[in-house]
Amino acid sequence: MNIGVLLTRAARRSGDKAAIVHGDQTWTYDAFDRRANQMANALRDLGVKPGDHVALLMFNGAEMLEAMFAAFKLGAAAVPINFRLHPNEYAYIIDHSESAVVFCSPQFSGPLAEVTDRMSRVRHVISVGEVDGDRLDYEATLATGAPAFDDVDVAPDDVAWLFYTSGTTGRPKGAMLTHRNLLAMTMSFYADMCRDFGWNEIVLHVAPLSHGSGLYALPNIGRAATHVIPSSRSFDARAVLEAIERYGVTNLFAAPTMIKRLVECPAIDECDLSTLKCLDYGGAPILLEDLNTAMRKLGPCLVQLYGQGESPMTITYLSHEDHVLEGTEAQLRRLTSAGTARTDVEVAIFDADDRPLPVGETGEIVTRSDLVMKGYWRDPEATATTLRHGWLHTGDVGYFDEQGYLFLMDRSKDMIISGGENIYPREIEEVLIQHPAVREVAVIGVPDPEWGEAIMAVVAADGEVGADALIALCRAQIASYKKPKYIEFVDELPKNNYGKIVKRDLRERYGKKA
Ligand code: AMP
């Protein structure tokens, strides 16, 4: 099934319902679908064919979702690009993806013009709200298209979304997500993610629609939910809390760093958040201390998801029921896990020779399901390394407990080997964050002539705290060889455009410590 059909059907069933609320404008499902159809017709008239790639370099807004669905309906693949990237980075993605058309917000018109020579395949740039030189105006282009469109019949393995990874390890790679992948993701969401998910959902988009929030939009469109898109482009915790109250938001997706900012915002005690049934968080680890605060402040709405672009949003999840403030030792321990396998997903732990490991043993997390990408666009080598023996190799390290809960240690490259011992930074971070003055912490390995690697903790603190106190905290809770040899204090940890801490930057900065 063409994933664009989600919108076609939602409009047929609930045409009068508010589909998108952005600033002071509202689009009904009829309008959303009609405009996506018009754009699909316009793209076809511009020569875009099924199988072509259409880049979306846009701020969160109605046009982003319209253009994305226009591409789906046409059988072309959408290439959503994070608007926070540097011009060199988006020029690379547009060129590498061989996109035929680029949709952009007006602010990108100028920067795009400067890198045009690096984007040889681009035939048209369609800019929202501004016509400049040879740019096409979004509204004028849309107006040329007829309002009806028969969604193109696609094969399940045709690519719908070329998902460029966040590139915390080198150049971003384009994970080819097919119509089958996105449909399986949608069905899996309905099966596991939100309690009582029905036809009256109101979703708030606080993360970029080019990634987590855009994927998250699909199951919501399939149930004709109202999508509230804040006008502000940066994350403002107070504005988000007020929007939840104002619109009666029922579900949203947020990165762990956003959850932390929400629960630390004084407005959390002033706003009525009772409509919020489901706050899905994931994409990076959350430390137990932060999760406990979030549970106390937000109540029973939290659900954790573990996934990656290569298996979008969906590998394991920590359900509503698993989020407990009181319980048995085993239940409390599971709060540091990424939960259990999603209903239609297989997950296993492999050793370095791709042999399955038993319960309790640590190795690489692998997964197999209808969600696993087709491969990386124009990168057969990376595809062959990642998709081996029918399994997606996630590059994450972890183990299962007896009940099937997955404990995620770290990305394999983040593991520290000191004196022959494998040390997982997460374990040390969990201890250090318990200190009341520590706001954020990242643990890395730095070269050490004696041990191979030594442990360094990089700490952002709010109050008075010395290295001695932090070392003492570690001594009290974990093996002595895991305590940091160095502690560096910083104002802020480096984060990428998705709010993830970039340990690579820390390693570059402190790599010569010894
Ligand atoms: P991306 O493809 O940019 O979404 O990044 C995916 C990576 O983020 C995964 O391979 C994990 O390393 C990390 N990640 C995603 N979800 C979680 C989670 N719930 N807990 C810990 N790490 C996560």
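Order of appearance sets the numbers: ligands from 1, and atoms from 1 within every ligand. The chain is numbered in sequence order, starting from 1.
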- Is the count of non-hydrogen atoms from other residues, nucleotides or ligands lying under 6.0 Å from Glu492 atom CD greater than 12? yes
- Is it the case that more than 12 heavy atoms not belonging to Met295 sit under 6.0 Å from its CE atom? yes
- Query: Under 4.0 Å from any heavy atom of Gly309, which atoms of ligand 1 are there?
  - Reply: 1 (P), 2 (O), 4 (O)
- Message: Under the side-chain hydrogen bond (donor to acceptor under 3.5 Å, both in side chains) definition, can you give me all pairs with a residue in residues 212-223, not counting sequence neighbours?
- Response: His205-Ser213, Tyr216-Asn251, Tyr216-Asp280, Asn220-Asn251
- Should we count CZ of Arg121 as having more than 12 external heavy atoms under 6.0 Å? no
- Message: If the contact criterion is a heavy-atom separation under 4.0 Å, does Ala338 count as touching ligand 1?
- Response: no
- At under 4.0 Å between heavy atoms, which part of Leu305 makes contact with ligand 1: side chain, backbone, both or neither? backbone
- Query: When you look at CD of Glu321, are more than 12 heavy atoms from neighbouring residues, nucleotides or ligands closer to it than 6.0 Å?
  - Reply: yes
- Message: Assess whether a salt bridge exists between Arg439 and Asp491, defined as any Lys/Arg side-chain N lying under 4.0 Å from an Asp/Glu carboxylate O.
- Response: no
- Considering distance alone, does some N or O of Gln304 sit under 3.5 Å from an N or O of ligand 1? yes
- Task: Report yes if the distance between the aromatic ring centroids of Phe197 and Phe189 is under 6.0 Å, otherwise no.
- Result: yes
- Message: Out of Leu408, Asp414, Asn496, who is nearest to atom 22 (N) of ligand 1 when you count heavy atoms only?
- Response: Leu408
- Query: By number and element, which atoms of ligand 1 are closer than 4.0 Å to a non-hydrogen atom of Lys500?
  - Reply: 1 (P), 3 (O), 4 (O), 5 (O), 6 (C), 7 (C), 8 (O)
- Query: Can you check whether Thr165 has an N/O within less than 3.5 Å of an N/O in ligand 1?
  - Reply: no
- Query: Counting each atom of ligand 1 from 1 as listed, which ones have a heavy atom of Pro285 under 4.0 Å away?
  - Reply: 20 (N), 21 (C), 22 (N)
- Taking only heavy atoms of Gly307, which atoms of ligand 1 are found under 4.0 Å from at least one of them? 6 (C), 9 (C), 15 (C), 16 (N)
- Give yes or no for whether the N/O distance cutoff of 3.5 Å, strictly under, is met between Gly282 and ligand 1. no
